[in-house]
Amino acid sequence: MKEKLQNLLNQSLSALVVNGTINSLPAKIRIDHTKDQKHGDYATNVALILAKQNKCSPKELAKIIIEQLDESEFIEKMEIAGPGFINFFLSEETNTAVVNEIISQGNSYGSSSVGEGQRVLLEFVSANPTGPLHVGHGRGAAYGASISNLLRTIGFEVDNEYYVNDAGRQMDILTVSIFFRYLEIIGEKLRFPDNAYQGDYIKVIAKSIALKYEKKWQKFASAMFENICKDGSEGGNKEQHIDELIGKAKTVLGVDFKTIFHIGINSILSGIKDDLADFGVNYEKWFSEQSLIDNGLAKSTVEALQKTGHVYKKDKALWFKTTDFGDEKDRVVVRDNNLHTYFASDIAYHLEKFERGYDKIINIWGADHHGYIARVKASIAALNHDPNKLVILLVQFANLYRSGKKVQMSTRSGSFVTLEELRNEVGNDAARFFYILRKSEQHMDFDLDLAKSKTNENPVFYIQYAHARICSVFRQAEEKGLQFDVKKANITLLVEDSEKALIKELNRYKGVLESSALQYEPHQLAYYLRELANNFHSYYNACPFLLDDVALSQARLALIFATKQVLVNGLIILGVSAPDSM
RNA sequence: GCGCCCAUAGCUCAGCUGGAUAGAGCAACGGCCUUCUAAGCCGUAGGUCAUACGUUCGAAUCGUAUUGGGCGCGCCA
């Protein structure tokens with residue numbers, strides 16, 4: 001509809017350029033839905049914008065534009081209002097057509113081809129597999145999944161991907177943590193390192209190892225602390241302490257170190273996968289960091305980088321001159337111990353992503369990684385790819401509140417609320433909806449007590465209730481022997497204010513989807529659905545649907561049937577269920 | 001110190017690339033169930049849009065400065 005109006009205006013304005021009334025066409029003709037019914041259905045501010053450069057009054061110009069406008073069957077009337085807005089009042093048929101359109105397209109209503117032919121790679125969550133997902137990861141999961149669904153709805157081909165950081169020191173610490181808990185379980189008394197992972201899930205994994213391997217590695221317990229420096233809380237250095245324990249464990253265990261490591265990461269990773277799947281978050285690919293090292297891609301990428309001339313040696317380490325591309329300081333890619341940094345494998349990963357031929361590569365990161373953006377974009381530019389293809393969306397942390405107090409969380413200390421716990425407490429629907437209700441760059445306060453004890457305060461129930469109410473009306477209709485038939489519905493019978501408002505709201509849906517998707521803002525859709533539900537609830541209280549007047553009944557049923565369809569379609573995108581009854 | 005994000009009603013937040021009287025939920029107050037689910041509807045009250053300048057027909061929105069909060073600034077990942 002907007003496009004039709006834009007075309008009409010374009011024609012009118014072009015004619016005015018030809019006859020010299022105005023100098024040039026505006027860069028963009030903006031047409032908006034009106035907030036107020038009194039202002040019609042759509043409004044444009046072109047006259048206001050053009051008035052200045054053509055030195056005439058906006059109202060005068062608006063009048064000329066309208067006179068120049070071609071007749072159109074879908075416009076009822078036009079008005080000049082306020083400082084010079086042109087308001088369009090659409091004809092009854094134009095507005096009501098949406099009801100039949102929704103019903104005939106059903107579940108696919110809202111789908112469009114805006115992104116047709118474009119492939120998108122969307123990487124999100126990518127939490128280190130050192131423990132279960134916590135509530136902070138949940139926000140990225142809900143946000144990413146919703147964006148993926150939105151983009152797919154408007155025609156993009158989207159692949160969801162999870163980057164698994166299964167290489168590096170943290171994995172060694174994880175292995176040692178499990179090994180120590182294992183030794184404890186089989187009866188050895190030893191001091192658990194400060195810097196090891198403290199969470200109970202480590203004990204669970206250790207127990208499964210003890211069950212399978214029994215006392216196979218018990219003999220190493222006594223040797224573990226030979227020549228190991230003191231731990232942090234003993235007055236030593238906790239980093240050095242754990243590193244030395246890692247070295248010792250690798251020496252005494254030999255290849256079995258890997259055995260324990262694999263049991264650990266597989267257990268944690270499968271937990272993460274199940275958790276996300278249960279949350280309605282699914283991936284096309286789980287990309288292993290270790291695979292980049294095993295297949296030599298990390299190494300070859302560093303070599304490719306060296307050929308660009310943006311690399312130099314300093315203090316025995318290899319530095320990438322990211323400052324050549326606007327970063328604030330240069331970054332190490334290969335350490336003085338000859339091991340490459342996390343950054344190096346990340347460059348390889350991004351290079352690999354680009355070589356897969358996507359039109360757009362989107363990363364959703366926690367806001368604490370914002371300092372990382374410049375160096376990643378630098379590496380892309382250095383390797384002759386277009387850094388603008390890479391879009392990085394930052395998600396702020398969700399602060400968790402319990403009993404009015406902020407809950408401190410840390411993976412290392414094991415004191416965190418897991419995503420699974422949250423889902424069990426408030427339900428998947430509320431969790432998914434609550435997470436995306438705030439703009440991603442907005443800090444979010446997640447009040448557990450509120451979400452738990454007063455679930456009716458969560459707007460998701462309000463929307464679901466609207467859906468359930470409509471379902472109930474159709475059940476009642478059936479009981480009364482009233483067969484709903486779209487073909488018998490004459491939508492023009494719907495003339496009440498609450499009906500017009502609801503129809504107008506339905507007309508907004510496709511625009512909201514597009515805007516929500518292209519701006520990566522699922523909260524726009526969430527707020528729209530709330531508005532739609534509100535319009536329905538008002539309608540429900542204002543007008544009865546099941547009447548002796550069959551014709552009117554059919555028309556009203558058609559309207560709420562269409563409403564139900566849009567509610568379902570929107571909720572599916574957000575990963576929220578639409579129950580038939582509550 | 002430098003960089004990024006944020007500041008809107010008592011609380012939690014919307015406000016679409018500047019646009020018509022700044023909106024919603026919760027909390028408060030007052031109405032509405034012999035009738036399709038009251039997890040609902042309608043109404044009232046509540047804001048110097050952090051502050052100060054600037055840009056212009058027009059600013060919560062753009063620019064600069066200040067204040068206050070979050071995060072980042074490793075040869076960790």
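Naming: A, B, ... by sequence-line order, numbering from 1 per chain.
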Note to self: I'd like to know if A:Lys250 and A:Asp172 make a salt bridge, using a cut-off of under 4.0 Å between side-chain N and carboxylate O.
What the structure shows: yes
Next item on the list: Please state the C1' separation for the pair B:G15 and B:A59 - nearest whole angstrom.
Entry: 13 Å
Next item on the list: Please measure how far the C1' atom in B:C57 lies from the corresponding atom in B:U48, and state the result in whole Å.
Entry: 24 Å
Check: B:U66 and B:C29: how far apart are their C1' atoms, nearest whole angstrom?
Finding: 40 Å
Item checked: Interatomic distance, A:Arg438 CZ vs B:C6 P [rounded to whole Å] -> 16 Å
Checklist line | Contacting residues from residues 537-545 of chain A, given that a heavy atom lies under 4.0 angstrom of RNA chain B | finding: A:His537, A:Ser538, A:Tyr540, A:Asn541, A:Cys543, A:Pro544, A:Phe545
Note to self: Work out how far the C1' atom of B:G69 is from that of B:G74, and round it to whole angstrom.
What the structure shows: 26 Å
Checklist line | Partner set under side-chain contact (heavy atoms from CB on, under 4.5 Å) for A:His39, not counting sequence neighbours | finding: A:Thr34, A:Asp36, A:Asn87
Checklist line | P spacing across the pair B:G47 / B:A24, given as an integer number of angstrom | finding: 15 Å
Check: Distance between the C1' atoms of B:G1 and B:A7, in whole angstroms?
Finding: 23 Å
Checklist line | Ionic contact status for A:Glu79 with A:Lys77, cut-off 4.0 Å | finding: yes
Next item on the list: Using a strict cut-off of less than 4.0 Å between a Lys/Arg side-chain nitrogen and an Asp/Glu carboxylate oxygen, indicate whether A:Arg508 and A:Glu531 qualify as a salt bridge.
Entry: no
Next item on the list: Find out whether the Lys NZ or Arg CZ of A:Arg530 is both under 6.0 angstrom from the six-membered ring centre of A:Tyr462 and within 45° of the ring's axis.
Entry: yes
Notebook entry, point to check: What integer number of Å spans the C1' atoms of B:C33 and B:U17?
Noted result: 47 Å
Find every protein N or O atom lying less than 3.5 Å from an N or O atom of nucleotides 20-22 of chain B, and list the pairs.
| unit_1 | atom_1 | unit_2 | atom_2 | d |
| --- | --- | --- | --- | --- |
| B:A20 | OP2 | A:Lys35 | NZ | 3.0 |
| B:A20 | N6 | A:Asn87 | OD1 | 2.8 |
| B:A20 | N1 | A:Asn87 | OD1 | 3.4 |
| B:A20 | N1 | A:Asn87 | ND2 | 3.3 |
| B:U21 | O4 | A:Asp36 | OD2 | 3.0 |

Note to self: Below the 4.0 Å mark, does B:C41 have OP1 or OP2 next to a side-chain nitrogen or oxygen of A:Asn534?
What the structure shows: yes
Check: CG of A:Asn535 versus P of B:G25: gap in Å, rounded?
Finding: 12 Å
Margin query: Using the P atom as the point on both nucleotides, what is the distance between B:U61 and B:U8, in whole Å?
Written below: 13 Å
Checklist line | Value in whole Å for how far the C1' atom of B:C16 lies from CG of A:Asn45 | finding: 13 Å
Margin query: Tell me whether the side-chain N/O atoms of A:Lys439 come closer than 4.0 Å to OP1 or OP2 in B:G15.
Written below: yes
Notebook entry, point to check: Given A:Tyr312 and A:Phe320, is the ring pair (Phe, Tyr, Trp, His ring centres under 6.0 Å) satisfied, shown in steps?
Noted result: CA-CA 7 Å; A:Tyr312 61 93; A:Phe320 172 28; 9.6 Å; no
Next item on the list: Could you tell me whether the side chains of A:Glu303 and A:Gln306 share a donor-acceptor contact shorter than 3.5 Å?
Entry: no
Notebook entry, point to check: Are a donor atom and an acceptor atom from the side chains of A:His369 and A:Asn363 found within less than 3.5 Å of each other?
Noted result: no
Check: Using a cut-off of 4.0 Å between protein heavy atoms and nucleotide atoms, how would you tag nucleotides 70-77 of chain B 5' to 3' with B, S and -?
Finding: SBSSSBSB
Notebook entry, point to check: Just how far is it from atom CD1 of A:Ile364 to atom CG of A:Leu393, taken to the nearest 0.5 Å?
Noted result: 5.5 Å
Note to self: Closer than 4.0 angstrom, basic N to acidic O: yes or no for A:Arg169 and A:Glu239?
What the structure shows: yes
Margin query: From CG of A:Asp327 over to P of B:C4, roughly how many Å is that when rounded to an integer?
Written below: 13 Å
Notebook entry, point to check: Which atom pair, heavy atoms only, marks the closest approach of A:Ala526 to A:Leu437?
Noted result: CB-CD1, 3.9 Å
Note to self: Please report the distance, rounded to the nearest Å, between CG in A:Leu394 and P in B:C6.
What the structure shows: 10 Å
Item checked: RNA chain B contacts among residues 506-530 of chain A, heavy-atom distance under 4.0 Å -> A:Gln519, A:His523, A:Tyr527, A:Arg530
Next item on the list: Measure up the A:Phe561 and A:Phe484 rings against each other and bin them: parallel (under 30°), tilted (30 to 60°), perpendicular (over 60°).
Entry: tilted
Check: Whole Å only: how far is the CD1 atom of A:Ile470 from the C1' atom of B:C41?
Finding: 15 Å
Notebook entry, point to check: Expressed in angstrom and rounded to an integer, what is the separation of A:Glu496 atom CD from B:C41 atom C1'?
Noted result: 16 Å
Margin query: Rounded to whole Å, how long is the line connecting atom CZ of A:Arg139 with atom C1' of B:C5?
Written below: 12 Å
Note to self: Testing the 3.5 Å rule here: is there a donor-acceptor pair between the side chains of A:Tyr197 and A:Gln170?
What the structure shows: yes
Next item on the list: Just label B:C33 as syn or anti from its O4'-C1'-N9-C4 or O4'-C1'-N1-C2 angle, using within 90° of 0 for syn.
Entry: syn
Check: Does the separation of the ring centres of A:Phe545 and A:Tyr539 fall below 6.0 angstrom?
Finding: yes
Note to self: Expected output check: what is the dot-bracket annotation of RNA chain B, where ( ) and [ ] are pairs inside the strand (brackets for crossing ones), | is paired with another strand, and pairs are Watson-Crick or G-U under 3.5 Å?
What the structure shows: (((((.(..((((.....[...)))).(((((.......))))).....(((((..]....)))))).)))))....
Check: Will you find, in the side chains of A:Gln519 and A:Ser516, an N or O donor that is under 3.5 Å from an N or O acceptor?
Finding: no
Margin query: Could you check, using the six-membered ring where one of them is a Trp, whether A:His467 and A:Phe536 have ring centers closer than 6.0 angstrom?
Written below: no
Note to self: For A:Tyr509 and A:Tyr528, I'd like to know if the aromatic rings sit close, meaning centre-to-centre distance below 6.0 Å.
What the structure shows: yes
Note to self: Taking the basic N atoms (NZ, or NE/NH1/NH2) and the acidic carboxylate oxygens, is any pair closer than 4.0 Å for A:Glu123 and A:Lys353?
What the structure shows: yes
